[in-house]
2 protein chains.
Amino acid sequence: MPTREEAKAQRREAIINAALRLMYARGDSGFSMRALADAAGVSIATPYNLFGSKQAIMLAVLDTGMAHYGERLAKLHADELEIFFEAVSLATELYAEAPKFHQAVLFSAYGDGGRDYRAVFGDPRFLFWKDLVTRAREAGFLHAEIDPSALALALSQQFFICILEWAYGEIELDELEQRVHYTFALLLNGAATASGGARLKPRISALQQRLTDRWSISDPRTPADASR
Amino acid sequence: MPTREEAKAQRREAIINAALRLMYARGDSGFSMRALADAAGVSIATPYNLFGSKQAIMLAVLDTGMAHYGERLAKLHADELEIFFEAVSLATELYAEAPKFHQAVLFSAYGDGGRDYRAVFGDPRFLFWKDLVTRAREAGFLHAEIDPSALALALSQQFFICILEWAYGEIELDELEQRVHYTFALLLNGAATASGGARLKPRISALQQRLTDRWSISDPRTPADASR
DNA sequence: GTTTGGATTATAACATGTTATAAATTAATG
DNA sequence: CATTAATTTATAACATGTTATAATCCAAAC
């Protein structure tokens, strides 16, 4: 005889678990509210009672993934400049572990344009980058006048859009990683002191070379094909 | 007795015009395929025959807006560095002229995540920025080793995501303009020569000041409210 | 002028997210 | 134990994008 709240919590959990199962198994397609209700052994009205909408369920699922990311993120130890790039690489690693799932959840969660999405994804990320920027500034890699919020927002957005491109199948994971690294290097270098610049400039050259090599082979946006 | 092709072209036009009318009048809401068919005086099957999907119709509508932007863009004359910022400001001006319409069309066209969207929006924009980057490099504002594609991609994406944020109601038009200007200045400065940097650095300071002022008043992501 | 064939039409249907409603269940309350 | 009230359930319904189908129209080909 479970308490009312306990029963509710159990249903919540059953729904989230069913959502996870469905996403892992079939990705975004085949994951309908009716299928979810069936898989969770619950009426179709219940997910709406407990979560409100399909998107809210996706966000709840996303939350569990975010927690995992946060844990691994906390374990990273690199200097105040290197950490930017390692954080990016960590994300790509996690995506590589369950790509279809992450694509599906990103795709669904972004549904309405991401207003709610940002509540669980955008804002915490933004604060994370802001923290890193602040530390890099204190370590003397970035100019003292740089405002952490402004720079962090640019970093955060750039990361976000590249993730979106990957989720939508436009680029592969390794290209995601390289592109974000490159843009991060450029943005940071735009705000860097001499000591920061000395570390970032070689990075920019190296990354740019790799990106250019790739484009000259496979990217349709290479000049030769620009007419399409 | 119009030719078969003429009749088809007329229907196409009627549909696009109806779409424009509906978007201007009611924005995204209330713009359904059935409403569109009614407004165009055509069966609901016809838009699918002629365009294939709702999104394709949105893209066609977007195309007409793009043509307008292109015309006004070509008339801009500023030096190789200033032009970046003027191009951004021009876009915000156009959005300001018919905000609801642009928001609606952006919102709808981006529907499936923007695969097709990029065909009409992303790629031409990318090529435009790449051209500007190339010229700025030739003018000596950017380092010779900078790859125009890599930098242009970063600029293009950053612009894109800020536009998206505006379309989704997250920021106002003037904030869109300032944010893009700021990030552009940072990115360009990250790739700038001494002469380019001399022009960009003051810009960064000024823009950052304005962005920071704004945040300290209204932005929920300011540290004081970060707990939400 | 008659025939032909491609396009449009009216219409039904399907899957989807979502909402509404009335009945049934059941923990909480007395 | 009996009552109450909150929740879930079953179910129907709605609006949406989209597809399928058969009937109809009408320029094009002869």
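Below, each value reflects all heavy atoms present in this structure, side chains not excepted, and no hydrogens, waters or symmetry copies.
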Of the candidate nucleotides [options], which contains the atom at the shortest distance from the side chain of [X]?
{"X": "A:S32", "options": "C:dA20, C:dG17, D:dG17", "answer": "C:dG17"}
{"X": "A:K8", "options": "D:dT9, C:dT18, D:dT8", "answer": "D:dT8"}
{"X": "B:Y48", "options": "D:dG17, C:dT18, C:dT9", "answer": "D:dG17"}
{"X": "B:K54", "options": "C:dT9, D:dG17, D:dT11", "answer": "D:dG17"}
{"X": "B:R11", "options": "D:dA10, C:dT8, D:dT7", "answer": "C:dT8"}

Is there a side-chain polar atom (N or O) of [X] under 4.0 Å from OP1 or OP2 of [N]?
{"X": "B:R34", "N": "D:dA15", "answer": "no"}
{"X": "B:S43", "N": "C:dT11", "answer": "no"}
{"X": "B:N49", "N": "C:dA7", "answer": "no"}

message: Base, sugar-phosphate or nothing for B:L36? Non-hydrogen atoms, less than 4.0 Å.
response: nothing

message: Need one value for A:I57: base, sugar-phosphate or nothing, where a base atom within 4.0 Å counts as base even if backbone is also close, heavy atoms only.
response: nothing

statement: Output for pair (A:I44 CD1, A:N49 CG), nearest 0.5 Å, gives 11.5 Å

query: Mind checking whether B:F84 and B:F184 have parallel, tilted or perpendicular rings, split at 30° and 60°?
result: perpendicular

- line: Rounded to whole Å, CD of B:Q55 lies from P of D:dG17 at a distance of 12 Å

